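None of the values given here were measured: they were computed from a predicted structure. Order of the sequence lines fixes the chain letters, A, B, ..., with proteins taken first and strands second; residue numbering starts at 1 for each chain.
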Protein chains: 2
Amino acid sequence: MKSRKRAPLSRPAGRPRSFDSAKALDRALQIFWRKGYAGASLSDLTTAMRINRPSLYAAFGDKETLFLRVLDHYAQGPGSHALHALDEPTSRAVVEKLLRGGADLLTAPGNPRGCLLVHGALTCGNNADSMRRELISRRTASELALRSRFTRARKEGDLPKDANPANLARYIVTIIHGMSVQAAGGATRVELRCVADIALQNWPTSRVLHKKQLGTPAITGD
Amino acid sequence: MKSRKRAPLSRPAGRPRSFDSAKALDRALQIFWRKGYAGASLSDLTTAMRINRPSLYAAFGDKETLFLRVLDHYAQGPGSHALHALDEPTSRAVVEKLLRGGADLLTAPGNPRGCLLVHGALTCGNNADSMRRELISRRTASELALRSRFTRARKEGDLPKDANPANLARYIVTIIHGMSVQAAGGATRVELRCVADIALQNWPTSRVLHKKQLGTPAITGD
DNA sequence: CTAGTTTTTTACCGGTCGGTACATAAAGAC
DNA sequence: GTCTTTATGTACCGACCGGTAAAAAACTAG
């Protein structure tokens with residue numbers, strides 16, 4: 001056992017908790033990330049979290065509630081690059097950070113391959129419908145945030161006036177979701193970066209013209 | 001009961017089968033497509049196939065074997081556009097048929113949303129590892145077929161000499177997989193077609209130049 | 001010390017999973 | 001008719017699922 005910390009201030013009374021709930025959440029994230037919502041059994045979770053089953057229920061509620069907390073944990077941790085990407089000054093920089101950061105996240109050495117939001121609950125399980133809808137809702141929210149970022153970019157002259165923010169945002173998130181599937185299928189980081197590069201190669205620009213476009217085919221895959 | 005067909009030639013002896021195995025396979029496909037491999041329980045399958053459990057095992061083997069047969073059924077039925085796409089004369093026509101046909105398939109009114117090969121077994125279930133690898137293998141095979149089609153196109157002068165067939169193929173299948181995720185999330189057919197159009201808008205060409213590229217941003221999302 | 005509070009531990013619940021044993025039904029062979 | 005062969009229907013198996021009851025343990029308050 002570990003050495004007990006002395007409580008510096010009034011402790012809440014009752015038997016003290018024997019585990020760090022933040023670390024337990026981290027471990028739960030790893031399991032859900034690797035196995036999905038339905039694929040992660042309570043035994044998988046409690047084993048990884050080094051917690052007994054009733055302790056899990058007392059601390060985090062049922063499996064659904066735990067998964068929701070894990071989703072927040074994921075958004076603020078591994079998935080945080082998506083939030084920061086929106087702060088980039090130009091739409092191209094936003095997309096660049098999204099795609100490259102995505103390629104890196106989806107193939108990060110210590111993490112499961114793929115995106116928790118994509119693989120968490122696709123078609124598995126009859127009882128996972130509410131969680132599937134939750135994931136869809138979060139993915140849609142990301143797409144809408146990106147769309148409004150592109151709308152702003154068009155207003156600022158960063159995107160051409162005839163650009164369609166909704167379609168562009170959907171195009172980008174489609175590529176990211178596809179990269180997640182590719183990563184889960186074993187694609188390497190450099191392979192995903194190549195895909196990102198192709199998508200970036202012809203990102204619309206309203207002011208500067210790429211000279212390459214004059215006489216060279218649009219994308220070559222290099 | 002149905003009217004018994006008269007056997008025109010020697011029947012194999014024994015009690016005749018009371019169901020059409022092709023129809024049963026169709027119904028099994030619907031269930032696997034909608035719920036995935038792990039998500040489709042034997043009760044789901046037997047109910048949909050209108051077959052008792054032992055009949056299923058006698059006719060198709062266990063759940064894994066049934067799923068493999070369903071995969072073949074899928075490839076030759078709903079997914080057959082992918083095969084025919086490779087026969088198109090130009091790489092652009094191949095991609096066009098792949099993306100537009102994919103958008104149509106993934107949002108076909110009578111079918112489950114998404115692609116069986118993508119959603120069949122992503123992260124669900126601890127025992128579905130072998131099926132997951134099977135699906136990954138089939139997806140990889142498709143990507144390789146597309147890559148060699150692009151290699152041929154480059155050899156024929158249909159693609160520029162500096163085009164990279166491997167990266168282009170990976171880019172296209174990434175978009176298709178992403179469209180599958182989008183479809184499962186509720187994207188409509190026109191939305192997916194917009195994504196396909198964006199990807200098509202700048203497909204490399206070695207001979208003809210798009211005049212639009214001279215003074216217009218590469219992609220606008222329209 | 002005792003009383004009260006909260007967490008841990010063990011053991012268990014009903015339900016569902018994939019898979020099967022067994023008896024019966026329906027056909028051909030004779 | 002009887003024998004053989006194959007398919008069907010019922011009823012069941014052990015394993016695992018998510019979730020919980022109940023008792024023991026560890027702490028504070030007095």
Side-chain angles (χ1 to χ4, degrees), chain A residues 1-21 23-24 28 31-32 35-68 70 121 124-131, chain B residues 1-21 23-24 28 31-32 35-68 70 121 124-131:
Chain A
M1 280 299 178
K2 294 194 174 182
S3 63
R4 309 242 167 256
K5 314 180 198 172
R6 279 290 82 205
L9 292 179
S10 70
R11 246 198 302 201
R15 180 170 177 170
R17 192 165 274 167
S18 69
F19 62 92
D20 181 350
S21 74
K23 279 189 193 277
I31 298 297
F32 277 127
K35 304 196 171 192
Y37 173 72
S41 73
L42 280 186
S43 299
D44 293 332
L45 291 167
T46 53
T47 300
M49 299 165 83
R50 301 193 171 103
I51 278 182
N52 288 315
R53 208 173 293 215
S55 297
L56 188 152
Y57 276 80
F60 303 103
D62 61 359
K63 193 185 178 185
E64 286 198 10
T65 313
L66 172 62
F67 187 60
L68 294 180
V70 162
C124 312
N126 305 320
N127 49 358
D129 275 13
S130 62
M131 289 302 102
Chain B
M1 280 299 180
K2 294 194 172 180
S3 62
R4 309 243 168 255
K5 313 180 199 172
R6 279 290 80 203
L9 292 179
S10 71
R11 250 198 297 200
R15 179 170 178 171
R17 192 164 273 165
S18 69
F19 61 92
D20 181 352
S21 74
K23 280 190 194 273
I31 297 298
F32 276 127
K35 304 195 171 192
Y37 173 72
S41 73
L42 280 186
S43 300
D44 293 333
L45 291 167
T46 53
T47 300
M49 298 165 82
R50 299 189 174 106
I51 278 183
N52 288 315
R53 210 173 291 217
S55 297
L56 188 152
Y57 275 80
F60 303 103
D62 61 358
K63 192 184 178 184
E64 285 197 12
T65 313
L66 172 63
F67 187 60
L68 294 180
V70 162
C124 313
N126 305 320
N127 49 358
D129 275 12
S130 62
M131 290 301 102

From C:dC17, D:dT8, C:dA26, pick the nucleotide closest to the side chain of B:Arg17? D:dT8
Spacing of B:Asp44 atom CG relative to C:dC17 atom C1', expressed in whole Å: 11 Å
Find the distance between CG (A:Leu42) and CD1 (A:Ile51) and round it off to the nearest 0.5 Å. 12.0 Å
In whole Å, I'd like the distance from the CG atom of A:Asp20 to the C1' atom of C:dT8. 17 Å
Intermediate values then yes/no, side chain to side chain donor-acceptor pair (under 3.5 Å), B:Asn52 and B:Ser55: CA-CA 5 Å; B:Asn52 288 315; B:Ser55 297; 5.0 Å; no
To the nearest 0.5 Å, what is the distance between CG (A:Leu45) and NZ (A:Lys63)? 6.5 Å
To the nearest angstrom, the CD-P distance between B:Glu64 and C:dG19 comes to 8 Å
Once you round it to whole Å, what is the distance between P of D:dT28 and CZ of A:Arg15? 13 Å
Residue whose nearest DNA chain D nucleotide is more 5′ - B:Asn52 or B:Gly14: B:Gly14
Rounded to whole Å, please give me the gap between CG in B:Leu66 and P in C:dC17. 16 Å
Should B:Phe19 and B:Arg50 count as side-chain neighbours, where that means a heavy-atom distance under 4.5 Å? no
Short side-chain N/O contact from B:Ser41 to OP1 or OP2 of C:dC17, under 4.0 Å: yes
Of all the nucleotides listed (D:dA26, D:dT8, D:dT20), which has the minimum atom distance to the side chain of B:Phe19? D:dT8
Atom-pair distance (CG on B:Leu56; C1' on C:dT20), nearest Å: 13 Å
Can you tell me how the ring of A:Phe32 sits relative to the ring of A:Tyr37, calling it parallel under 30°, perpendicular over 60° and tilted otherwise? parallel
Below 4.0 angstrom from OP1 or OP2 of D:dG9, is there any side-chain N or O of B:Ser55? no
Rounded to whole angstroms, how far apart are CG on B:Leu42 and C1' on C:dG18? 5 Å
From the options C:dT20, D:dT8, D:dG18, select the nucleotide whose nearest atom is closest to the side chain of A:Arg53. D:dG18
Give the rounded distance in Å between these two atoms: NZ of B:Lys63 and P of C:dC17. 9 Å
